[in-house]
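Just below is one structure, and these are the notes that go with it.
The chain is numbered in sequence order, starting from 1. All values reported here derive from a predicted model rather than from experimental measurement. For the numbers below, each heavy atom of this structure counts, side chains included, while hydrogens, waters and symmetry mates do not.
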Amino acid sequence: MDFTNPLVYGVPCFLGLIALELTYSKVLDDKKNLYNWKDLTSSVLLGLGSAVLAALIKTLSIIAVFHFVDELFNPIVNGVRTNIFGYESFGYAWYIWLLCMLLDDFSYYWFHRQNHMVRFFWAAHIVHHSSDNFNLGTAVRNGWFTLFYKPFFYVWIVMIGFPPEMLVVCLGIEALWQFQLHTQYIKKMGFIEKILNTHTMHQVHHARNLEYMDKNHGGFLNIFDRIFGTWKELDESIDIEYGVSTPPDSYNVFVILTHEYKNIWNDMKKSKNWYHKFKYIFGPPGWSHDGSSLTVRQMRRQIADEAKKGNVQSA
């Protein structure tokens with residue numbers, strides 16, 4: 001059964017909604033600085049480049065990865081597609097769609113979280129976080145290199161018997177949801193906040209305030225953030241600072257795409273120890289062999305230790 005990727009229809013809507021939010025912010029709202037023209041231009045160019053590459057790479061990944069794995073793990077036996085563990089591969093019933101969306105969301109959580117935990121992945125993902133603006137334009141500010149490894153976080157869903165076409169549609173629906181999260185105009189939504197990953201939660205995710213960093217990696221749902229300890233509610237008393245601690249300081253698309261790889265290379269040259277070089281590539285962002293820079297976890301621990309010492313001294 002063939003399906004059309006929802007993103008085919010989503011892209012024109014993305015551009016229209018960006019134009020609508022931009023017009024509203026400039027004409028009818030006091031947030032005149034919600035958009036920066038140069039920043040928006042960079043975001044749109046990155047988004048267009050990502051869309052072109054995605055059309056090529058996703059097609060390749062579906063043919064070369066998803067369908068190859070499907071044929072390997074779900075061969076046709078006596079006219080029926082059967083998983084290698086002996087059960088019939090899944091069809092297209094409504095509850096199978098819901099289950100696929102849930103597994104897709106689980107995979108998205110770990111894919112997204114690892115993009116923040118492994119520096120080599122972060123070097124690709126930092127593109128999306130590199131703007132100090134948070135708006136629908138930022139939503140299309142996508143890195144190009146994540147496309148090369150993202151399918152491998154999802155291929156297990158095909159291995160256990162879900163049709164590749166179903167997974168591709170679920171990926172498209174997930175991308176549509178992620179796009180609309182990038183607006184400041186939708187506030188907290190009461191009970192919905194207990195289940196879904198919402199706009200205010202995604203504001204937390206894009207903040208570079210230490211208490212907010214590496215939080216809220218979820219796609220549709222926030223249950224996986226809650227289970228694995230990465231959920232954080234927006235505190236409206238805190239002034240959010242958007243962006244990253246090592247920004248590209250440029251609107252040049254190719255600088256934005258590559259600046260963190262350059263940072264990794266420069267850090268690797270700081271030590272001749274091969275373990276240190278390995279950690280600079282595959283360790284968490286901020287790791288250093290000499291303490292010259294710290295990871296988010298180390299910074300939080302340092303602040304907690306200082307607070308503890310302060311309490312002891314004042315006692």
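- When the salt bridge (charged side-chain N to carboxylate O under 4.0 Å, His left out) test is applied to Lys194, no partner is found at least two apart in sequence or on another chain.
- Under the ring-ring contact (aromatic ring centres under 6.0 Å, His included) criterion, Tyr212 pairs with no residue, sequence neighbours left out.
- For Glu241, the salt bridge (charged side-chain N to carboxylate O under 4.0 Å, His left out) criterion is met by Arg208, not counting sequence neighbours.
- The salt bridge (charged side-chain N to carboxylate O under 4.0 Å, His left out) search around Arg119 returns Glu260, Asp267, not counting sequence neighbours.
- Residues in residues 127-144 take part in these salt bridge (Lys or Arg N to Asp or Glu O under 4.0 Å) pairs, two or more places apart or across chains: Asp39-Arg141.
- Checked against ring-ring contact (aromatic ring centres under 6.0 Å, His included), Phe152 has no partners two or more places apart in sequence or in another chain.
- For Asp104, there are no salt bridge (charged side-chain N to carboxylate O under 4.0 Å, His left out) partners at least two apart in sequence or on another chain.
- Shown here are the ring-ring contact (aromatic ring centres under 6.0 Å, His included) partners of His259, two or more places apart in sequence or in another chain: there are none.
- Here Ile303 sits in one hydrophobic cluster together with Leu210, Met213, Leu294, Val296, Met299; the rule is ILVMFWY side chains under 4.5 Å apart, joined directly or through other members.
- Connectivity analysis of hydrophobic side chains (ILVMFWY, heavy atoms under 4.5 Å, direct or indirect) links Ile126 to Trp122, Val244.
- Taking Ile, Leu, Val, Met, Phe, Trp and Tyr as members and joining any whose side-chain heavy atoms lie under 4.5 Å apart, directly or through other members, the hydrophobic cluster of Trp231 also contains Met201.
- Every residue two or more places apart in sequence or in another chain was checked for a ring-ring contact (aromatic ring centres under 6.0 Å, His included) with Trp156, and none qualifies.
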